[in-house]
Amino acid sequence: MSPRALRGPATVTAVVASALAAGLLAAPQPAAAAEIRIHDIQGSTRISPFAGKQVSEVPGTVTAIRAFGSSRGFWFQDPHPDRDRATSEAIFVYTGSTTPSVAVGDAVRVSGTVSEYYPGGADAGLQSVTELTRATWTVESPGNALPAAVALNPSAVPDRYAPDASGGNGGNIEPLRLRPNSYALDRYESLEGMRVQVKDAPVVGATSPYDELWVTAEPGHARTARGGALYSSYRDPNAGRVKVASLIPFAQRPFPVADVGDRLTGTTAGPLDYDNFGGYEIQATALGELTDGNLARETTRGQKADELSIATYNVENLSPKTAQAKFDRLASGLVHNLASPDIVALEEVQDDNGPTNDAVTSAGATLKKLTDAIAAAGGPAYEWRQIDPADDQDGGQPGGNIRVAFLFNPERVSFTDVAGGDATTAVRVTDDGGTAGLSASPGRIDPQNPIWKDSRKPLVGQFSFRGRPVFVIANHFNSKGGDQGLDGRFQPPARSSETQRTGQAEAVNAFVKKLLAVDARAQVVVAGDLNDYQFSPALADLTDGGVLTDLVTGLPKNERYGYVYNGNSQVLDHILTSRAVRRPDYDIVHINAEFADQSSDHDPQIVRLKP
């Protein structure tokens, strides 16, 4: 019983009204109540031809009931389908906060208003759910057999994900006739509200705090080395991904706590819904048994005496207000799973009072609490370097003032301190007779550039290892917030946030080129949460001119991931090195993203090199 199912009343939005006015959807003609069945209401596009109209005495059998929260109601399905594969035979009856007085198996006749509910509102860009609202019904008979569930499997789900509407309709696929034999999103939409099932389904997205998980209906397609669904190009978003929630009372059947690589053995079945946060979702009335895949958290090897190890780790909104248990787990991961790296680029370090929105920007208390926990876990006595941001200028959680920061082990590596770095002063590359240096260390790269508006500014520091200088740039590029969803109604989805990230990538690339212009043999490591994929325009701009190599591209394809979102295992964090870094030994250490129990939503990464 996921709380994420909660939402406000369904409405016919301006999107539907404007489509009707433009002639994209035909205005319904009056019809006798006996003539209207569910497949007539659902129609062969994503928007009902009866949207906003009253319908009466629509027959069907109750297949499932949502009896919790403020979005209660029931699904009912016509046991006598038409021959059009594009038209769904089921629909949700929305009753608000009132539990409907029906039982599964009841044969009912329902009257109400046909509505299109847009999760998050029309501006969110998600698909709508066709519903009946302000409904009344009569029960004709109880205990009827339920329509057979449609099996979701490789033969039922097309590999092509979505139709392309870029040539018209403003990219909106709603007016297009569904082609369930051609596109996965059309197939799912043609089953909206109907009973579906998956059998022996592999888990590709771990159980979330909202009691949801992701499975794949295509177990042989694009799998990672550890059992996930690999997202490796915009062309293939893994069509078989389906979310699973539960309608079964948790007192009767607790929701399974699953990791990637586990399996829901047997049958998981229920009506196919579209979730408030995007994604088609089985509202399970039957849940398969959880089979443990015994996924283990990884541990990387320790660095050798002549190897410098550099890690990147997004610690996810860390502040002194964070529970001590998370500090302890992060510390254990750094010490034991990452073998106490010599240098760590941290992302999402918050200020000393976390999300309290005041003038505090310092993060000394946050970093002391983390380094104390590392020492208690048996790790080194790390020192840190960072620059406090200007208040409320770097995005993230309001009041949190997140920033990037360096930890380093002074027993293994030294930091070259050069005064002058602050929130707004741009660091410059210096030239001392062909030796590259920094005007400030640590320093911020181009912080006044508008491309860093409401985003974290990169931090560059000069380190010395065994007498050799190494330049490390810690990054946290702007998020994907505002991008259209993979499963939304605009296809192909627009990636509006990409413009800012490509500008940020260009700025870091330009700075690296300045370092290398002074000394082509400079050892440069660029690390952090870049919020983009190895195949993205941002990474192409960051590596422009061959000045940097994205190390993730050297891994076997099925190991290129460190973050799991909506069942897709993908790359957001990166470590890149300049040409002078020879034979870097790179590892993504999987300790978080695939697990229901996480200390961060990102997996850390590490590189070992010999300057």
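Please read these numbers as outputs of a predicted model, since none were measured by experiment.
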Review point. About how many Å separate CD of E192 and CD1 of I91, when rounded to the nearest 0.5 Å?
Key: 7.5 Å
Check your understanding: With a 4.0 Å cut-off, would you call R66 and D273 a salt bridge?
Key -> yes
Review point. Mind checking whether L572 and Y565 have side chains closer than 4.5 Å, heavy atoms only?
Key: no
**Study point:** Test item: N314 and H476 side chains (from C-beta on) under 4.5 Å apart, heavy atoms
**Key:** yes
Review point. Is there a donor-acceptor pair under 3.5 Å between the side chain of Q42 and the backbone N or O of S88?
Key: no
Check your understanding: Closest approach of V564 and V204, non-hydrogen atoms and distance?
Key -> CG1-O, 3.6 Å
Point to revise | Minimum side-chain heavy-atom gap D529-H602 below 4.5 Å | key: yes
Check your understanding: Between the side chain of R241 and the main-chain N/O of V215, is any donor-acceptor distance below 3.5 Å?
Key -> no
Exercise for review: Would you sort out whether D487 and Y274 count as a side-chain hydrogen bond (donor to acceptor under 3.5 Å, both in side chains), showing the intermediate values?
Suggested key: CA-CA 10 Å; D487 48 37; Y274 186 79; 3.2 Å; yes
Practice item. Scan residues 254-266 for pairs that pass side chain to side chain donor-acceptor pair (under 3.5 Å), counting only residues two or more places apart or in two chains. Key: T265-T291
**Study point:** For N558 against R223, the heavy-atom pair lying closest together
**Key:** CB-O, 3.7 Å
Review point. Do the ring planes of Y188 and Y280 sit parallel (below 30°), tilted (30 to 60°) or perpendicular (above 60°)?
Key: tilted
Exercise for review: Carefully, step by step, assess R177 and D84 under the rule salt bridge (charged side-chain N to carboxylate O under 4.0 Å, His left out).
Suggested key: CA-CA 12 Å; R177 179 178 170 83; D84 188 348; 3.1 Å; yes
Exercise for review: Give a yes or no on whether the backbone of I606 and the side-chain of D587 come within a donor-acceptor separation of less than 3.5 Å.
Suggested key: no
Review point. L178 versus L185: any side-chain heavy-atom pair under 4.5 Å?
Key: no
Review point. Can the ring centroids of Y161 and Y183 be said to lie less than 6.0 angstrom from one another?
Key: no
Practice item. Report, as yes or no, whether the 6.0 Å neighbourhood of atom CG on D123 holds more than 12 heavy atoms from other residues, nucleotides or ligands. Key: no
Practice item. For atom NZ of K326, decide whether the heavy atoms of other residues, nucleotides or ligands shown that lie under 6.0 angstrom number more than 12. Key: yes
Review point. Should the pair Y231 and F535 be assigned to parallel (<30°), tilted (30 to 60°) or perpendicular (>60°) ring geometry?
Key: perpendicular
Check your understanding: Do we see a donor-acceptor contact under 3.5 Å between the side chains of Q54 and T113?
Key -> yes
Practice item. Answer yes if the side chains of T130 and E116 hold a donor-acceptor pair under 3.5 Å, and no otherwise. Key: yes
**Study point:** K557, NZ: over 12 other non-hydrogen atoms inside 6.0 angstrom
**Key:** no
Review point. Does the side chain of D211 come under 3.5 Å of the side chain of S208 through a donor N or O and an acceptor N or O?
Key: no
Revision key, fill the gap. In this structure, CZ of R329 is separated from CG of N337 (nearest 0.5 Å) by 10.0 Å
Point to revise | F595 six-ring centre to R297 NZ/CZ under 6.0 Å and within 45° of normal | key: yes
Review point. From L346 CG over to L370 CG, what is the distance, rounded to the nearest 0.5 angstrom?
Key: 6.5 Å
Review point. Any donor and acceptor pair, going by atom type alone, linking the side chain of N153 with main-chain N or O of S155 inside 3.5 Å?
Key: yes
Review point. Heavy-atom distance under 4.5 Å between the side chains of R495 and Y234, does that happen here?
Key: yes
Review point. So, E316 side chain and D601 main chain: donor-acceptor pair closer than 3.5 Å or not?
Key: yes
Check your understanding: Yes or no on side-chain hydrogen bond (donor to acceptor under 3.5 Å, both in side chains) for S115 and T133, after CA distance, side-chain angles and deciding distance?
Key -> CA-CA 7 Å; S115 299; T133 61; 3.0 Å; yes
Review point. Do the side chains of K199 and T267 get nearer than 4.5 Å, heavy atoms only?
Key: yes
Exercise for review: Could you tell me whether K243 and D275 make a salt bridge, using a distance below 4.0 angstrom between a side-chain N and a carboxylate O?
Suggested key: yes
Practice item. Ignoring hydrogens and angles, tell me if any N or O in the side chain of N276 forms a donor-acceptor pair with the backbone of P119 under 3.5 Å. Key: no
**Study point:** Ring centre gap for F92 and Y117 strictly below 6.0 Å
**Key:** no
Exercise for review: Tell me yes or no: between the side chains of Q350 and N317, is some donor less than 3.5 Å from an acceptor?
Suggested key: yes
Check your understanding: Under 3.5 Å, is there a donor-acceptor pair linking the side chains of N172 and E174?
Key -> yes
**Study point:** Heavy-atom donor-acceptor pair, Q598 side chain to N592 backbone, under 3.5 Å
**Key:** yes
**Study point:** Flag, side chain of E218 to backbone of T216, donor-acceptor distance under 3.5 Å
**Key:** no
Practice item. Using a strict 4.0 Å threshold on nitrogen-to-oxygen distance, state whether R37 and D78 make a salt bridge. Key: yes
Practice item. Please check if the side chain of Q570 supplies one atom and the backbone of L230 the other of a donor-acceptor pair under 3.5 Å. Key: no
Check your understanding: Does the side chain of I282 reach to within under 4.5 Å of the side chain of V242, using non-hydrogen atoms?
Key -> yes
Practice item. Identify the two heavy atoms, one from A258 and one from L290, that lie closest to each other, and give their separation to 0.1 Å. Key: CB-CD1, 3.7 Å
Point to revise | Test side-chain contact (heavy atoms from CB on, under 4.5 Å) applied to F76 and I65, T61, V93, the passing residue | key: V93
Study note, to complete from the structure: salt bridge (Lys or Arg N to Asp or Glu O under 4.0 Å) with D186: of R46, R160, R85, only one passes, and it is R46
Exercise for review: Go through S56 and I36 one step at a time and tell me if the side chain to side chain contact (heavy atoms under 4.5 Å, CB included) criterion holds.
Suggested key: CA-CA 8 Å; S56 300; I36 299 177; over 6 Å; no
Check your understanding: Hey, do the aromatic rings of Y561 and H590 have their centres closer than 6.0 Å?
Key -> yes
Practice item. Of all the heavy-atom pairs spanning I38 and A90, show the shortest one and how long it is. Key: CG2-N, 3.4 Å
Review point. Closest approach of R187 and P158, non-hydrogen atoms and distance?
Key: CB-CD, 4.0 Å
Review point. Does D236 reach the main-chain N or O of N238 with its side chain, forming a donor-acceptor pair under 3.5 Å?
Key: yes
Review point. Centre of Y533's six-membered ring, under 6.0 Å away, within 45 degrees of the axis: is that where NZ or CZ of K480 sits?
Key: yes
Point to revise | Nearest heavy-atom neighbours spanning F74 and P100 | key: CD2-CB, 3.6 Å
Point to revise | Derivation and outcome, side chain to side chain contact (heavy atoms under 4.5 Å, CB included), residues I588 and V552 | key: CA-CA 8 Å; I588 300 175; V552 72; 4.0 Å; yes
Exercise for review: Say whether Q283 and E281, considering side chains only, have a donor N or O and an acceptor N or O under 3.5 Å apart.
Suggested key: yes
Revision key, fill the gap. OG (S166) and CD1 (I173) are apart, to the nearest 0.5 Å, by 12.0 Å
Revision key, fill the gap. Interatomic distance, CD@E594 vs CZ@R226, rounded to 0.5 Å, equals 4.5 Å
Point to revise | Residues R72 and T95: side-chain donor-acceptor under 3.5 angstrom | key: no
**Study point:** Euclidean distance, T312 OG1 relative to D603 CG, rounded to 0.5 Å
**Key:** 11.5 Å
**Study point:** Student check: side-chain heavy atoms of L132 and Y94 closer than 4.5 Å
**Key:** no
Exercise for review: Establish, from distance only, whether the side-chain atoms of D82 and T87 form a donor-acceptor pair under 3.5 Å.
Suggested key: yes
